[in-house]
Amino acid sequence: MTPPPAESVAAMIRPTPVTRDSKANRDLLRVMEGGSLGYFALVALAVGAMLAAGGVWIWQVYEGLGIAGYAHPVFWGAYIVTFVFWVGIAHAGTLISAILYLFRAKWRNAINRSAEAMTVFAVLTAAQFLGIHVGRIWKSYFILPYPNQRALWVNFKSPLLWDTFAITTYATISIVFFYVGLVPDLAIARDRATGWRKVLYTILSLGWQGTSKQWKAHNRTVLHLSGLATPLVLSVHSVVSWDFAMSIVPGWHATIFAPYFVAGAIFSGFAMVLTMMIPVRRIFALEEYITDYHFENMSRFLLLTSIIVGYAYAAEYFIAWYSQVEPEQTSFWKRAFGPYWISTWVMILCNGVFPQLLWFKKLRTNVPFLFVLSMLINVGMWFERYVIIITGLSREYDPAVWGIYTPSWPELVIVAGSFGFFCQFFLLFLKVFPVVAIAEVKELEIHAKAHGEGH
Amino acid sequence: MRSIHLTRSLPAFLSALAAAGLLAWAILGESASHADVGSTLVAGSVCEAHELKALAAEDPHVSVEIPKEFDKSFPTREACLSHAAAEDPDSPGPLQPIQFSHKHHAGTYEIDCQYCHSGTDVSPAAGVPSVELCMGCHNQFPKEYDQLEGIRTLKEHWEAKEPIQWEQIHRLPEHVQFQHRAHVRAGFDCQRCHGAVETMDKVYLTEDTIWWPWGLPSKKLEMGWCIDCHRENGASQDCYACHY
Amino acid sequence: MSEFDRREFLKIIGVGAGGAAASACSDPVEKLIPWVIQPEEITPGLPVIYASTCQECTTGCGLHVRTREARPIKLEGNPEHPVNRGALCARGQASIGRTYHPDRYRSPVERGADGSISALTWEEATAKVASAIKAAGSKVAVLGGQTGPTLSALIDSWLDAVGGGTRVVYEPFAREALREASTAVFGVASEPIFDLTDTDYVIDFGGDMLGTGASPVEHSRQLMGARDARRERGRAARLVYVGPRLDETASASDEWLAPKPGTEGLLALGIARVAYDAVRASGRTPAGDVDAIESVLKPFGPDSVASRTGVPAEAIRRIGSAMAAADRPVALPPGVALTSRRATATNAAVLLLDAVVGAVGRAVTIPPPSEGPVASFRDVAKLIDAMRSGDVSVLLVHDTNPIYSLPPDSGFAEALEKVGLVVSFASMPDETSERAGLVLPDHTTLETWGDASPRPGVRSLVQPTIRPIFDTQSLGDSLLAIARALGQERAAGLPSGSFRAVIESAWSDTDFRAALKRGGEFSETGASLAPGVSPGIARLEFKEPTFEGDGSFVLLPVPSPLLTDGRGANLPWLQETPDPITKIAWQSWAEVSETAAAELGVTPGDVLSIETPYGEAKVPVWPRGGIRDDVVALAIGQGHQVGRYASAAQEGAEGRVRGASVISLLPSLTDESGGRAWLAAKARVTATGSFQRLPFTQGTDNKRGRLLGESISLVALAKGESPWAPNQGAFMAAAPHGEEHGGNGDASDDHGGGHEGPHEIRRAFDPSDDSEDGDPFRWGMTIDVDKCTGCSACVVACTVENNIPMVGEEGVLRNRQMSWLRIERFVGDGYQQLQTGRPGPQNHEALGDTDVRNSPMLCQQCGAAPCEPVCPVFATYHTPSGLNGMIYNRCIGTRYCSNNCPYKVRRFNWFDYQITGWPEPMPLMLNPDVTVRGQGVMEKCTFCVQRMQAARQDAKSAGRDVPEDGAIQTACQQTCPSGAIVFGNLKDEKSRVNTVAEENAGRAYRALHVLNTRPAIQYLAKVKREEGHGTGHAAAGPVRPEKSA
Amino acid sequence: MPQLLGVFEQPDHIAAAAKRLRDRGYTDMETFSPSPFPEVDDAVDEKPSGVRLFTLIGGLAGVCTGYALTLWMANDWPIMLGGKPFSSIPPYTIIAFELTILFGGLMTVLGLFLKGGLPSMKLHAAYSARFSAEDFGLVVSCRDRDVPEIDGLMREHQATEVSLVEG
């Protein structure tokens, strides 16, 4: 064989031309740059709220749970309410990334990243409340089945233990899922970043370079994680609902609870995604990536889940009446017309009635309206849990010891702090990680380009 | 006070004596038999006297001088040694307000545990003997025993009608209700939990650790340790047996 | 858990002999402090029980003082004592707290002119008093409450010895009118004794004998024994109550009449007249002067009486003839609340009725007049005059608090200013001792010697059971010391030794040691007379009393069953125990009828202004059905300014008055014979427009037909089959009362359940399912709702036995009270009540309706306990003996168990109550056998497991492997005056807990058993004896008009 | 041994190129693509990734652990609760389920790392930022004399440029 002609080889050796970056990269990485005064103001607000709550919590540990508004027989209050609320919020992320992934609903690409992020942060926030609400936080490690000198284990029959397992599993899996999806984008960022970000992304991106082996494994992993996360997300909120359904409290003890809670969770989760993404899209001018089309799809989901939730409300009342069990009837009567009627009607209006407006396409595509509605739904869903927990407990079997619970200010501070806790993470996320799954968005672009060239 | 001081540093004191003895023997050889006053050892208390006698007995070359007032049989040598050992800060266990030696009482003289710790068989609590009980015996003992600091302290308490504040060694948490009588009735020796007290001059918490299959230790008086024994002997594992 | 714990006892064992409590308390826990000299009878770790006598009121119940390491930890009734036979009331249970009260004087103190306080030694104090007395000559006066005979005699001889002077005995609740009446009717000046044993017809003219009467514990026992449902086949006692207000006795009665306040005497005469005719018709003649009787009775025909009292003539005739026909009837006189200005006549009328129906000499005995001074309000008035005119230069006050308990109108406070030196012997500060120049603090009952003679044939001893905690001295010794300080010649007339010696010499006629062991000398054959009616009765004139003031409401001052005349107000245990009727704690309330409330336009908690010519009080209102429209009732006892718990100091407002004192509204008037008249004022009642939340512990008395406090009619009971058999699960009790209460039947059909209810349970109840097969026990209880009067003795007993903390008024306002045992009070079967909004507390009483069910609610120790499986850490679990265990040190405080408990009997330590709530030296009374709970853990009734464990150990030591039936008594059972609670082993067929339940199988039910929780507690339904009467509520049926706020 | 880097703009082009080269026997090749394109990955090597096995093993381990843990602990010290059996499968199934998911998920990620060669310390010499933009890269190692042929093949399949990789 003869060696190749020298000139042809020489011809090939030329400096590679400077690469032209893709639009998606530029637009989406830009989000992470710098940070306006407003941004830092928000961060300060969030962190402040969290610190205030932390202070109150330390005081509570020192002084005793009595500083909260608990009144016999209502032994669960705002803390558990907020716990369930955040667990609910956590569900949209996994749903969007996992379930829609399995259904090959490509429109998810625009929002799944931020949704997953929310999942992670929401679960972390929720987990705080398990600790905040117990009487002896310093002994709460008893709840873990760890080998100990006492030779004493834990009670796996208790829904609270199911909770512990479900929440920890959910936190782990959603973090993993979030990160795995992030790796290719981190590589993109790595290739363009400088300074400390360069170092950070180099480490986090694990030397990703999009080779065929990597993509193969990656696709497979995402598929399997989606497959695992889908039943998980359904189980988690079922388990949370069983905290109530497994008890004998009138208004809690209902078979409908698991599906009802899951639907509610997805409902509130989507609402929260909207609440967060609408401003983000506006501020960072991402209209091109997060389009009204995405929002409309989400509002379709809102409509669907709202109908399910509304149906659950109706079913509860029907069963209470139909069962002819006096305590059940009383409990539900008190719910609607008793001391807590305001909460109940807030819940019914915000979750059951207002979302029906989404039947109109005009409103589905009206972003400001969606924003307001999503806010209302968040409020409504918090009150849903409040109504279920508090009214259930305040009117039980022994009329002699019915009681009224009203949250005390320390409780409310801590609840507010939980929002700060959640938001600080989300704000941080905006500046550190690509807010949209760039690689996946690009996949669509490239396809489009290819087909644009008429194949 | 000197005697007390000497007795307290008894081990050092003895080794010093031995050294002195050897030195004398090395230098003076045979002539040490009529050693001069300089190398004569003088006892400052009955307890020292006991030690010097013992020394002289095993080494005729050492010349010891026992003043008349210290040439007594009481307190006995055992008493002196126990008393000294009971206040040895280097031995395990906390120092008690009185140099009381369980070895001396329960070991040497084989006094039954329940003679002092009465009620163990009928009551949940094991009684701590009253000063009166101690005095019951110690009143009858010869005056010489007052040379021991412990005895003097005891009598001071008795005069002042002041209870003695012992250091507690075997202590369970507040939420444990222990029934001594149940365990005594079941025929367990005190040693099962309290260790071989009759061999201790100064009582301390003996080491007794069980290992669970999952590789964790449970130390004496910890819950796992109790449970282990309860399982071994088919005793109740009802939480209410101990916690209420 | 908490630093301050049962080990505290080991720490201070030395105190028993060393007497250095204060110093010992500060020692580190790791110290073991034995005795210097160990008393024979004391084995550390084992309780020692001493017999003594309760001094909380003048009844004189026998005590068993349970001590651990020479420290009283619990008071129990002395089973041998004829008065209380082992039971004890709430007040007696709480009185242990006096000894450990943080307010107590630590030593004698002197109050300077500028109010400055300075501590004195006893020598100084004694010297000061002595010199003052020397100077005063005969201008010395002793004002004190009723004391034991020996002390009383000593005081008299002491007065003579120190140079004369006046002595006044003053008891706010003295029953002078009764003594006077007995003088008039029988010519014997003494208080008759009423024995309800085996009575078959009892009529109480407003004495509230079961709550605030002369001897509630004794009368509860006797009455409940006499009307035991098991005797219904024979002739169980009927109880008729007469009074303006539905109080404890009325709630327990079969028929309740509410005549115009003050006309009870007239009603008695009316009944007596009917009875008299019947008696004569049956050929009997009442003993005594028949003409006098007839002349007195003549004007009181049923119809005229009916018009004057407002009681239907039919009732008068019926009751009259029933009394005459009865085999062993008895009528009891009115109590404090109804001592009007004609109290003597009223009492006389009642005694006359007794004489007419032949009760005298049987159920009613007249003891010979007691020697020694007796309480007299007239003497008090005299003393006040003397003080005002400066004839008293040294006043010694003991065992009483006149500044609080005398109406301001009496002028005592002003007169006190005129007294040179006031010496108080109070052991803890009260309004009076706060104005005393010198305080020589007395021992408490548990620290001192003494005796009492409740009645002829019964002498009982008081003996010290603990070394004085503080530098105090018993009254007797103080007096002797003063006398000696005055010099030999004066002291000569007095005994030389200590007061203890005085007691011993007083008891020299008996075997003192034996008496000490038994608690006294009891021979039921006390000398008593059975005189006939004397002509003296004709001197009395019987007519309606007069009232001061022009208000439209009669002001009814009700003695509190817990705080008595206010002496209990500084005991947190009593403050925190809800009032048996209204379920309000820590506060005062004004009771008016619902119609009156509607006219005033007030709802519960609205503050009323109650105004008499003598004063005004602003009190939140509690409208109720069970009170006459023309009456406003206020409980006596609150309204203190002094005392950590009596005043609002507990809420951090030092010196602010807690609640309101009704006494400040009352005139200082007397009845016709000089006794104090309480029912003497009319009040003007207006709404102030302001509102104050009342600390209710029970929001509604409507049980909504749920299976909680049940009742059953004689008809249904006779049928024999239980309406609550396990296979008839329903939230609504399936119509137990037959047709005339058909309402309930409808209820059950309307509102779920009934026989075809969805919650049907087919599984029969077998206790052996609920404990391990190997285990000999399944602990259980039988509670007789028919016997429960709601007196709440069990609540206090439980609190003291189990180291349960107090949470104060704020705590109660949030329903955070910690009591493991509460008494639920329901009226009627209730109905499904669908109010809207945030309704206030509900009340469903009605005039004449006695369908009140007091149902003690405690942990049901369920066999299938909902609380157990939900605990993630096994902190609550099922013990082999079938108990529902609660392990505090394992609890992490998720509170799920409480959510899942249908009975809501679990309590949570919201704060570190034990540490913050127990000031020194209160922790010394902690029960060392019960773990002290710290912050953040759940707690609940354990059936007194500490007692079980002890008993099982004792049994084993005694060679038995199980304690025999009755060896274990729970604290609540032990103290229950009416014996409503029986505890025992359900697995043992012959145990009382089983036999009692079987004998009453017809009325046995398990609370909310449709939830299939398989409770270990069986309730026995209340029996409705008088169909038609006492059922005004049921007549209204279950569907009452909504009363929604 | 020279390496040639061909840059493509469309996935199907690079896929075709890769296929063709493999047919010609050039098996030692690697691709860089900015987004997941199965056709590209399969062109290099159609064997499926082995991640699935990891997931399976993890899941099975999880479910076993779940039941073993609960059943053993419940019976190591049996404590009565509301009259329920010590070994009650239904509640324990929940624990087992959660552990299945947990272990399965973690094992899957392990699979990603092992099969995807992550984390890798240094990047491929031919890799550059353009491949995380929109371009596709195909690197082929070959003998010197095969360079022209490969160059030709790549350009044939619309490689925008072909170059030798230094070092």
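Chain letters run A, B, ... following the sequence lines, proteins first, then strands; residues in each count from 1.
- Contact of the Ile446(A) side chain with the Ser35(D) side chain is registered, since non-hydrogen atoms from C-beta on lie closer than 4.5 Å.
- The parts of Leu123(D) that come within reach of chain A are both its backbone and its side chain, each placing non-hydrogen atoms under 4.5 angstrom from that chain.
- To the nearest 0.5 Å, the span separating CG on Leu56(D) from NE2 on His224(A) amounts to 9.5 Å.
- Of the listed residues (Leu106(D), Val139(D), Val51(D)), the greatest number of heavy-atom pairs within a distance under 4.5 Å of chain A belongs to Val51(D).
- Summarising the geometry, atom OG1 belonging to Thr31(D) is positioned 10.0 Å from atom NZ belonging to Lys213(A); distances are rounded to the nearest 0.5 Å.
- Of the two parts of Phe97(D), only the side chain, counted from C-beta on, holds a non-hydrogen atom closer than 4.5 Å to a non-hydrogen atom of chain A.
- When side chains are defined from C-beta on, Asp191(A) counts as touching Tyr127(D), because their heavy atoms get closer than 4.5 Å.
- Only the side chain of Ile173(A) comes within less than 4.5 Å of a heavy atom of chain D; its backbone N, CA, C and O stay farther away.
- To the nearest 0.5 Å, atoms CG (Leu81(D)) and CZ (Phe156(A)) are separated by 12.5 Å.
- Note: Ser212(A) OG to Met29(D) CE = 9.5 Å, rounded to the nearest 0.5 Å.
- The residue among Leu99(D), Val109(D), Ile95(D), Val44(D) with the most heavy atom pairs within less than 4.5 Å of chain A is Ile95(D).
- Residue contact with chain D, scored on non-hydrogen atoms closer than 4.5 Å, involves the backbone and the side chain of Pro145(A) alike.
- Annotation: side chain of Leu102(D) is not in contact with side chain of Leu228(A) (no heavy-atom distance under 4.5 Å).
- Side-chain N or O atoms of Trp215(A) include one that pairs as donor or acceptor with a backbone N or O of Ser33(D) at under 3.5 Å.
- Residue-level contacts of residues 111-120 of chain D with chain A, in order of numbering, are Leu112(D), Phe113(D), Lys115(D), Gly116(D), Leu118(D), Pro119(D), Ser120(D); threshold 4.5 Å between heavy atoms.
- With contacts defined as side-chain heavy-atom distances shorter than 4.5 Å, the pair Asp41(D)/Thr211(A) does not qualify.
- Taking all atoms of both residues into account, the shortest heavy-atom contact from Ala151(A) to Asp76(D) is O-OD2, 4.1 Å.
- Of the atoms belonging to Pro159(A), not a single heavy atom falls under 4.5 Å from chain D.
- In this structure, chain D has a heavy atom under 4.5 Å from the side chain of Trp242(A), while its backbone stays farther away.
- Against chain A, the residues from residues 82-90 of chain D that qualify, each with a non-hydrogen atom under 4.5 angstrom away, are Lys84(D), Pro85(D), Phe86(D), Ser88(D) in number order.
- For Asp185(A), no part sits under 4.5 Å from any heavy atom of chain D, backbone or side chain.
- Distance CD1/Ile94(D) to CG/Leu161(A): 10.5 Å, rounded to 0.5 Å.
- Side-chain contact check for Leu152(A) versus Ile79(D): some heavy-atom pair is nearer than 4.5 Å.
- The two residues Ala217(A) and Ser49(D) make their nearest non-hydrogen contact at CA-OG, 3.7 Å.
- Residues Asp42(D) and Lys216(A) are paired through a salt bridge, judged by an N-O separation under 4.0 Å between the basic side chain and the carboxylate.
- The distance from the CH2 atom of Trp153(A) to the CG atom of Leu69(D) is 8.5 Å, given to the nearest 0.5 Å.
- At least one donor-acceptor pair under 3.5 Å links the side chain of Gln209(A) to the backbone N or O of His124(D).
- Neither the backbone nor the side chain of Val441(A) comes within less than 4.5 Å of any heavy atom of chain D.
- Listed options Pro36(D), Pro34(D), Pro11(D) were ranked by heavy-atom pairs under 4.5 angstrom with chain A; first place goes to Pro36(D).
- Using a 4.5 Å cut-off on side-chain heavy atoms (C-beta onward), Leu232(A) and Glu98(D) make contact.
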Starting from the C-alpha separation in whole Å, work towards a yes-or-no answer on side chain to side chain donor-acceptor pair (under 3.5 Å) for Ser132(D) and Arg192(A).
CA-CA 9 Å; Ser132(D) 59; Arg192(A) 286 154 188 76; 2.7 Å; yes

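- Only the side chain of Phe136(D) comes within contact range of chain A, with heavy atoms under 4.5 Å apart.
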